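Both backbone and side-chain heavy atoms feed into the values below; hydrogens, waters and symmetry mates do not. Residue numbering restarts at 1 for every chain, and letters A, B, ... go by the order of the sequence lines. The shown structure was predicted, so the numbers you read here are calculated from the model rather than taken from an experiment.
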Amino acid sequence: MNFNIAIAGNPNCGKTTIFNALTGAKQRVGNWPGVTVEKKSGHYNHADIKFDVIDLPGTYSLAAFSAEETVVRQYLENDEADVVVNIIDASNLERNLFLTTQLIELGKPLVLVLNMMDMAHEKGLQIDVDTLATLLGAPVVPVVGRTGEGIDLLKEKILRVSTEISMKARSIDISYPRDIEIEIEKLHQLIQENDVNDKHSRWTSIKLLESDKQSRDEVRLHNNGTDILGQAKVSIDKIEGLFKDTGRAVISLARYGFIQGALRECVVESLVDSVDYSRQIDRVLTNRWLGLPIFGLFMWLMFKLTYDIGSIPMDWIDTGLVALMNFISDLLPDSMFASLLVDGVIGGVGAIAVFLPNIFILFSIIAVLEDSGYMARVAFIMDRVMHNIGLHGKAFIPMIMGFGCNVPAIMGTRILESRRDRILTVLINPFMSCSARLPVYVLVAGAFFPENAATVIFSMYILGIIAAIGSGKLFSRTILKGMSKPFVLELPPYQRPTLRSLILHTWERGYLFIQKMGTVILVGSVIIWVLGYFPTEVELDRDYGVERTTLTQHYDSGLMDLESKFKKSVEKDRSGYHSEMIAYESSSSYLELHEQLELLKDELSSEKSKQLYNLRQQEIGDITEQKWIGRVGKIFEPIVRPLGFTWRESVALITGFVAKEIVVSTYGVLFGVGEDVDEGSRGVISGLRSSGMTPLVALSFLVFTLLYTPCLATVAAIKRETGTWAYTLFSIAYSLGLAYSLAFAVTYFGRMFNWLS
Amino acid sequence: MFNFKRPRHKLHISDENDLRLSDLKPGEKGRIIEIGGSENFRHRLIEMGLTRDAEIWVDKYAPLRDPMELIVKGYHLSLRGMDAQKIAVERIA
């Protein structure tokens, strides 16, 4: 036997804490079908009965005002839940009970949970729990979610309400003023006459008086639906005439009236000298002068911690991966399979896996900011700025995170409530220059603008911000117009986050990264590997084998020459040597000659290995040109030629689609410097310079790199968060288009005025 | 201190020269007379406890002067000046 339990409540009422306390770590996170609203479910056993628990999104009402409210309402109206557990913030009773009045009317077996009883006591509130239970017609359990106090009692109450018929009976109705009650009764009777199956006909009647669209649509399908709607219209007109306001406002007011009446009977506010700690903290944190600098400091710390602490395990993972690659290379014979495993799978997935520590640290810091209540303050502080782009203040967080990595940043848009805001923030996020783009800037700017590299790199960041703001303004005036919601933001009391919820939060999001990004990156890496591996046999214009032999022979004969020259000199020198005291081989003149020989030999052999290395790298470059990847580059070359790019840039940009850092290693391969070049590598720099690229084209290339689709992982994240391919494809097309047009403008106008040629 | 250039939002019963929530200074207290704006906006605010006759206390303005922080029914709420401008209030001591 099992029961379905739904947890409902306001945002910030501690719903998730109670959910965690009930289910422990046994929970799953998914999405509600059709909407990007997180669906959390879990289960627990009590008295040998399994309870499946769903944590509904936090809502203030059931008006179907937002995606969250629609989800909650549909779930509750669909009869899936056996018991609804309504979490109520005891320190903020009046507003929390507004949702409760609607849950009572919905008629589901209900358990009320008074959470944060400790804070209510601090505020000097004495709540008569038994009277409240009588007044609201449902059992009331006081708990402190953070400490787990009262959770056992809650489980017991849930069990009783699930199993005992008598506990389910609802004896009370929220009472409205007489004039409204008359109209409710008329509608109620009409609905019952026409559809006996409607289990919550009183609820439907009240919703009709509120002109609720969802209820109207449902009633329209009833027998005599038009009659009912006709009566509803008459009733609404009557109420609006009497109360001089809309039916919905009148009903809401009446609900608050009911709540106030109930609270007068069961809450005593003692005159303790209560201190509003949150307000004291906010005197500093959202202070007119200190608020912004402190926020800046927090953001700086967030970055610092993410990258500094993250770089330690990052090195471990890197070392581990190299060791693994070497181990497999040694273990397996040189084969296609070995290459696929080492270069394709481990190399490709590993390139992303090294970011895991950063991502987990970032997520845990964000969890602290969210759980403590500071995130709402960030929205408060930054709203003025974000409002300019038609966004909510909270959207600032994912934008800042984008400087680190767009993937967690895009996943971070979940903190936004409205779908329109989420999509807009997701779409402009890729323009925030992530850390993966920095190596490309360092390399190219170092090669072409050695004097002004820092300025060039900084301007890329600024250009990214301008592109994000400009696109944001454009989107909010065109494709995402008019869906904006008014800014009504609760600033909840500060709370000390619990370790348990931090770990759960971080793991939930980090796991999504591992799971989803892992699969996409894996496939992408294998594709790039295939393009770079096939065809296995390529025909080259130059015979590198012969050249290598010639080169080796040339240096070997040079070495032999040196030896014979040395011998001649020694003989000549020895003939002129007369001392009997010291053997010639110990004489200073011999030692000097010998030293000279060694020096020349060293020089020659280092010259030899350098030449051989260069030859090998030229060969790799030539081979790459013949591989599918090079051919693909050649195919796309005509498209990028107007920008001044060659097939090399085309290859670099295509491989950069997997991850932007790959642009650098691709250049390394193309210019024959080896796969693991560091960004300052002279080989790539001289290669780039000698490839005929002008500083102007280099600038244009940087602009393109900044603006075009960041990487496969970001695309996957966009798809995940927007939920549709339409926005994903739009994002790719838009960023490619913007990158192309701006890069073209740089090259075109630059050439026109002969800049940087 | 917070001067809105845009034309005042028209309300049903209040006239052009009455006091709006956005006119209150930090530390001042008001009683809600009427809320204007779109139906959704009005109803959302009413559902969050900004009912007629509710007392509302302006705590502070954000560092960039917008939005504002309010205390209503014992909890803290933030509204933009442009939205607070749609709420007619009377000043109370």
Side-chain angles (χ1 to χ4, degrees), chain A residues 10 12 60-63 65-66 89 91-96 98-99 102 123 125 210-211 244-246 248-249 251-253 255-257 259-260 276 278-279 282-283 286-295 376-377 379-385 387 393 485-493, chain B residues 1-2 4 6 9 11-14 21-22 25-27 32-87:
Chain A
N10 281 190
N12 310 309
Y60 295 110
S61 170
L62 292 181
F65 176 77
S66 63
D89 175 359
S91 66
N92 190 0
L93 262 182
E94 191 174 341
R95 200 208 59 214
N96 273 260
F98 187 81
L99 178 69
Q102 298 176 61
K123 263 188 156 179
L125 296 175
E210 293 186 335
S211 308
K244 302 275 181 287
D245 208 338
T246 61
R248 196 171 151 193
I251 300 267
S252 293
L253 243 117
R255 286 209 172 103
Y256 268 111
I259 293 165
Q260 280 157 357
D276 188 344
S278 287
R279 218 174 139 237
D282 266 343
R283 293 218 156 167
T286 60
N287 179 281
R288 206 165 140 195
W289 308 110
L290 293 175
L292 276 172
I294 291 176
F295 171 60
R377 273 72 183 182
F380 177 68
I381 292 172
M382 294 311 295
D383 183 66
R384 178 73 177 261
V385 176
H387 191 193
K485 301 244 166 79
F487 179 87
V488 183
L489 175 80
E490 185 185 355
L491 298 168
Chain B
M1 68 176 287
F2 209 86
F4 285 95
R6 74 192 95 219
H9 191 88
L11 300 180
H12 295 289
I13 51 171
S14 318
L21 182 57
S22 52
K25 295 180 177 65
I32 296 176
I33 298 173
E34 191 197 350
I35 301 176
S38 72
E39 287 295 286
N40 267 340
F41 174 71
R42 290 185 63 224
H43 291 136
R44 166 96 319 185
L45 289 189
I46 292 170
E47 284 168 358
M48 291 190 73
L50 279 80
T51 48
R52 193 180 302 159
D53 290 338
E55 285 180 7
I56 194 158
W57 204 61
V58 178
D59 194 20
K60 63 159 80 103
Y61 286 102
L64 296 172
R65 286 269 191 116
D66 196 29
M68 61 204 295
E69 181 174 346
L70 311 161
I71 302 176
V72 63
K73 293 207 189 311
Y75 77 97
H76 292 246
L77 181 76
S78 176
L79 284 183
R80 284 180 183 148
M82 57 176 276
D83 290 327
Q85 202 253 113
K86 296 170 190 160
I87 302 171

Kindly indicate whether the side chain of Arg384(A), heavy atoms from C-beta on, has any atom under 4.5 Å from the side chain of Arg80(B).
no
Which atom pair, heavy atoms only, marks the closest approach of Leu79(B) to Phe487(A)?
CD2-O, 3.5 Å
Under 4.5 Å from any heavy atom of chain B, what part of Gln102(A) do you find: side chain, backbone, both or neither?
neither
Do you know the tightest heavy-atom contact between Pro63(B) and Gly291(A)?
CG-CA, 4.2 Å
Please check if any side-chain donor atom of His43(B) sits under 3.5 Å from a side-chain acceptor atom of Thr246(A), or the reverse.
yes
Testing the basics here: between Phe380(A) and Pro67(B), what is the closest heavy-atom pair and its distance to 0.1 Å?
O-CD, 3.2 Å
Look at Ile71(B), Asp59(B), Val72(B), Thr51(B) and state which one has the largest set of heavy-atom pairs under 4.5 Å with chain A.
Asp59(B)
I'd like to know which of Ser61(A), Ser252(A), Ala376(A) tops the heavy-atom pair count under 4.5 Å against chain B.
Ser61(A)
CZ-NZ distance between Arg283(A) and Lys60(B), expressed to the nearest 0.5 angstrom:
8.0 Å
Less than 6.0 angstrom from the centroid, inside 45 degrees of the normal: does Lys73(B) satisfy that with respect to the ring of Tyr256(A)?
yes
If you define the side chain from C-beta out and look only at heavy atoms, does anything of Tyr60(A) sit under 4.5 Å from Arg44(B)?
yes
Identify, with sequence neighbours excluded, every residue that meets side chain to side chain donor-acceptor pair (under 3.5 Å) alongside Asp83(B).
Lys86(B)
Chain B: which of Asp245(A), Leu253(A), Leu290(A) shares the most heavy-atom pairs with it under 4.5 Å?
Asp245(A)
For a 4.5 angstrom cut-off between non-hydrogen side-chain atoms, does Arg42(B) reach Arg248(A)?
no
Heavy-atom cut-off 4.5 Å, strictly under: side chain, backbone, both or neither for Glu490(A) against chain B?
both
Are the side chains of His76(B) and Asp276(A) in touch, meaning some heavy atoms are under 4.5 Å apart?
yes
Any heavy-atom pair between the side chains of Leu489(A) and Leu77(B) that's under 4.5 Å?
no
Can you tell which part of Leu70(B) gets under 4.5 Å to a heavy atom of chain A, answering side chain, backbone, both or neither?
neither
